[in-house]
Amino acid sequence: MRSPSPRRTPARAVIAVVALLLSCLAVAPASARAAAAHDSLVLRTDRGWVRGAAHGDGIRVFQGIPFAAPPTGELRWRPPRPAERWPGVRDATAPGHPCPQLPLTLLPDGGPVLPGESNRTGSTTEDCLYLNVWTPARTGGRPLPVLVWLHGGGNAYGAGSDYDGSALAARGVVVVTVNYRLGALGFLAHPALSSESEDHASGDYGLMDQQAALRWVRRNIGAFGGDHGRVTLGGQSAGSVDTCAHIASPTAAGLFQRAIQQSGSCASDGGLAPLTLGAAEQRGTGFAASAGCPDPATAAACLRALPTSELLRGSGTGTAALWGPNTGPRVLPRAPDRAWAEGRVNAVPTLNGSTHDEYRYFTALYVDLLGGGPLTPASYAALIGLQHGDRAAALLRTYPASAYPSPNLAYSAVGTDQRFACPARADSRLYGTRAPVYAYEFHDPQAPPFIPAPHTPQGAFHASELAYLFPMDSLRLTPAQRRLSATMTTYWARFAATGDPNGSHAPAWPRHTAEGDRVQVLAPDRVASTTGFAADHHCAFWHPSPT
């Protein structure tokens, strides 16, 4: 007897069953997808997928992710625009180009004066608005705190890719390092550019780039395991000055919940206060004329037609090339000191400080290596007279050459106290009126130097603390220095997580108040608070008022 013929399954039903099977294979349950995302090297951003790389010890790094469109052609000297979407999976295993800058190979032997790769190579590539993300692999739990790092370099040098975020990532922080437009391309103000803008102002394109990166973080950092509600904005030197500006910027409201300022102020006397729009436009008009674009009617088109290399040549080198924010554009409508006086600031918990011997680096570079040799007592007095005018006599009484091992070190003490230490203290006192502040001083007298210094022992020079937070292959730390590094990364990570650096694995760090004036000393042989910072740095001389 023949078996009955099997019932034919309709084609549509077959297709449906196959589709269901494929969907079961391709789409894991939500819990499984969430767990896989914590250690995946392929992640999705709002512009497309990216593939990163393992960095050892469970750290992943995603480099060269565009956060804005290339600011080229007609987009030169305009606010950043959204990046284009890309198909497929973008390779994110190598950094993007640094923003245009001259190489900082100023040493007599042709070496760079700072350790970052960008300082050795320079760049002429305007397609440079990229960021890098360092994140630990995880197995679930609460999203991690985020540190968005703004590099230093006078707003004219440097790149986010110069910084290795692995040490902080190992402490449970998602670290984002950012490129932003530099020099004239990032901060040029000019009447012709102002006439093109909706707010009739120009400049501060670098600040706008930084805020575009913060908005990228708000949209995307969850895919990397980060918490968009616990973002710390931090930076060193110019990156610290820019962080100070964002605290005063209305367009940065809500983009970060804590701040870290390392050796750079914009809100207090002695810090790098922004220029007014008028002063910035005057500087920009002179720059345009020197670049061959003197006619205001055609200056914008003329400047946009210039090759990047010509703009860089016109920017100068060293301190002559330093640029910064100006007030007037929407991003910074009023000076930071005025914003604080009016209460129009993004007051957040802040970790703020400086290094004990900041200016020794600049003395070694500009006096010893590039200026012909060490100062004598007479040349020290003459230089102070040239730079400080009517105040020189009082300054020389406060900083006599005879009180220091050499005139070079006396001159370094003046620069340290005037430009870094006392402005940092003034910022701490100002910020503490509205939010918690934790003040520090990095004080390792044997910190690994960046440059040779035959006549100026570097001590805890400007930027010396960076090697303790961001590992640098070219700088080796001793066991005692590695222990200090572990303490510092613990403090920084805890602050990013909670707004308070204190925890169970490091010495207590008291909150800074104007009354207590306590500063945490970070040294290999001592991590503890002091009340002697103001006296050590003669801050009563520089800031004689109560604040």
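Position 1 is the first residue of the sequence, and the numbers go up from there.
Remark: the backbone N or O of Asn220 is not paired with any side-chain donor or acceptor of Asp46 at under 3.5 angstrom. Although no hydrogens or angles enter the test, the distance criterion places no donor-acceptor pair under 3.5 Å between the side chain of Ser40 and the main chain of Leu43. One N or O on the side chain of Trp509 and one on the backbone of Ala439 form a donor-acceptor pair closer than 3.5 Å. A distance-only check finds no donor-acceptor pair linking the side chain of Arg425 to the backbone of Ala534 [under 3.5 Å]. Asn179 places a side-chain N or O within 3.5 Å of a backbone atom of Gly160 that can act as its donor or acceptor partner. Using modelled atom types, one side-chain atom of Thr350 and one backbone atom of Val348 make a donor-acceptor pair closer than 3.5 Å. Under a 3.5 Å cut-off, the side chain of Asp444 and the backbone N or O of Ala460 do not form any donor-acceptor pair. Thr456 contributes no side-chain N or O that, together with a main-chain N or O of Arg360, makes up a donor-acceptor pair within less than 3.5 Å. With hydrogens and angles disregarded, no donor-acceptor distance shorter than 3.5 Å links the side chain of Glu117 to the backbone of Asp162. Looking only at distances, no side-chain donor or acceptor of Ser249 sits under 3.5 Å from a matching main-chain atom of Leu332.
The shortest distance between side-chain heavy atoms of His228 and Val146 does not fall below 4.5 Å. In this structure the side chain of Asp242 reaches within 4.5 angstrom of the side chain of Tyr180, judged on heavy atoms. You'll find the side chain of Trp542 stays beyond 4.5 Å of the side chain of Asp269, heavy atoms only. Inter-residue side-chain proximity for Arg511 and Arg518 is flagged as unmet; no heavy-atom pair is nearer than 4.5 Å. Counting only heavy atoms from C-beta outward, the side chains of His356 and Asp536 approach each other to under 4.5 Å. Proximity of Tyr404 to Tyr411: side-chain heavy atoms (C-beta onward) are nowhere separated by under 4.5 Å. Within the 4.5 Å cutoff, no side-chain heavy atoms of Gln210 are placed close to those of Leu233. For the pair Phe67/Arg215, no side-chain contact is recorded, criterion being any heavy-atom separation below 4.5 Å from C-beta on.
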* To do: Determine, stepwise, if the pair His246 / Phe256 fulfils ring-ring contact (aromatic ring centres under 6.0 Å, His included).
  => CA-CA 9 Å; His246 291 301; Phe256 58 95; 7.1 Å; no
* Report the C-alpha separation of Leu484 and Val527 in whole Å, then their side-chain angles, then the decisive distance to 0.1 Å, and conclude whether the side-chain contact (heavy atoms from CB on, under 4.5 Å) test is met. => CA-CA 8 Å; Leu484 176 59; Val527 176; 4.1 Å; yes
* **Full working for side-chain hydrogen bond (donor to acceptor under 3.5 Å, both in side chains) between Ser166 and Asp164** => CA-CA 6 Å; Ser166 61; Asp164 179 341; 2.7 Å; yes
* Test log, rule side-chain contact (heavy atoms from CB on, under 4.5 Å), inputs Gln418 and Phe541 -> CA-CA 9 Å; Gln418 178 192 14; Phe541 176 84; over 6 Å; no
* Audit row: Arg142, Arg230, side-chain contact (heavy atoms from CB on, under 4.5 Å) steps and yes/no -> CA-CA 11 Å; Arg142 184 183 181 187; Arg230 286 193 296 165; 3.5 Å; yes
* To do: Mind running side-chain contact (heavy atoms from CB on, under 4.5 Å) on Asp227 and Ile221 for me, showing each step along the way?
  => CA-CA 7 Å; Asp227 184 348; Ile221 206 62; over 6 Å; no
* Asked: When you look at Tyr438 and Tyr491, which way does the ring-ring contact (aromatic ring centres under 6.0 Å, His included) test go after all the steps?
  -> CA-CA 10 Å; Tyr438 295 88; Tyr491 279 144; 9.4 Å; no
* To do: Quick one: do His97 and Tyr130 satisfy ring-ring contact (aromatic ring centres under 6.0 Å, His included)? Show the steps, please.
  => CA-CA 8 Å; His97 290 286; Tyr130 298 93; 7.8 Å; no
* **Steps toward ring-ring contact (aromatic ring centres under 6.0 Å, His included) verdict (Trp492, Tyr468)** => CA-CA 11 Å; Trp492 265 240; Tyr468 297 68; over 10 Å; no
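Ring geometry for His462 versus Tyr361: interplanar angle of 30 to 60°, hence tilted. The aromatic rings of His537 and Phe533 sit tilted, their planes meeting at an angle between 30° and 60°.
The structure places CD of Gln446 at 11.5 Å from CD of Gln458, a figure rounded to the nearest 0.5 Å. Note that CG of Leu104 is 13.0 Å distant from CZ of Arg120, once rounded to the nearest 0.5 Å. Note that CE of Met472 and OH of Tyr163 are 6.0 Å apart. Values are rounded to the nearest 0.5 Å. Atom CG in Asp127 sits 7.5 Å away from atom CG in Leu129 (nearest 0.5 Å). Remark: Leu522 CG to Met488 CE distance equals 5.5 Å, nearest 0.5 Å. A distance of 11.5 Å separates SG in Cys422 from CG in Asp427, rounded to the nearest 0.5 Å.
Donor-acceptor pairing under 3.5 Å is recorded for the side chains of Gln211 and Thr251. At a cut-off of 3.5 Å, with distance as the only test, no side-chain donor of Ser161 or Asn132 sits close to an acceptor on the other residue. Side-chain contact of Ser464 with Thr355: a donor-acceptor pair under 3.5 Å is absent, judged by distance alone. For the 3.5 Å distance criterion, the side chains of Thr531 and Asp517 fail to qualify, holding no donor opposite an acceptor. Side-chain polar atoms of Asn408 and Thr363 form no donor-acceptor pair below 3.5 angstrom. With hydrogens and angles left out, the side-chain atoms of Asp91 and Thr93 include a donor and acceptor closer than 3.5 Å.
Contact record, Leu475 with Pro449: CD2-O, 3.7 Å, taken as the closest heavy-atom pair. Counting all heavy atoms, side chain and backbone alike, Gln520 lies closest to Ala508 at NE2-O, 3.0 Å. Across all their heavy atoms, Ala347 and Ala435 have their closest contact at C-CB, 4.2 Å. Between Pro333 and Pro250, the closest heavy-atom pair is CD-CD, 3.5 Å. What you find for Ala238 and Asn155 is that their closest heavy atoms are CB-N, 3.4 Å. Taking all atoms of both residues into account, the shortest heavy-atom contact from Tyr359 to Ser412 is CB-O, 3.3 Å.
Among residues at least two apart or in separate chains, there is no salt bridge (charged side-chain N to carboxylate O under 4.0 Å, His left out) pair with a member in residues 470-497.
Residue-environment remark: CZ (Arg44) stays at or below the threshold of 12 foreign heavy atoms within 6.0 Å.
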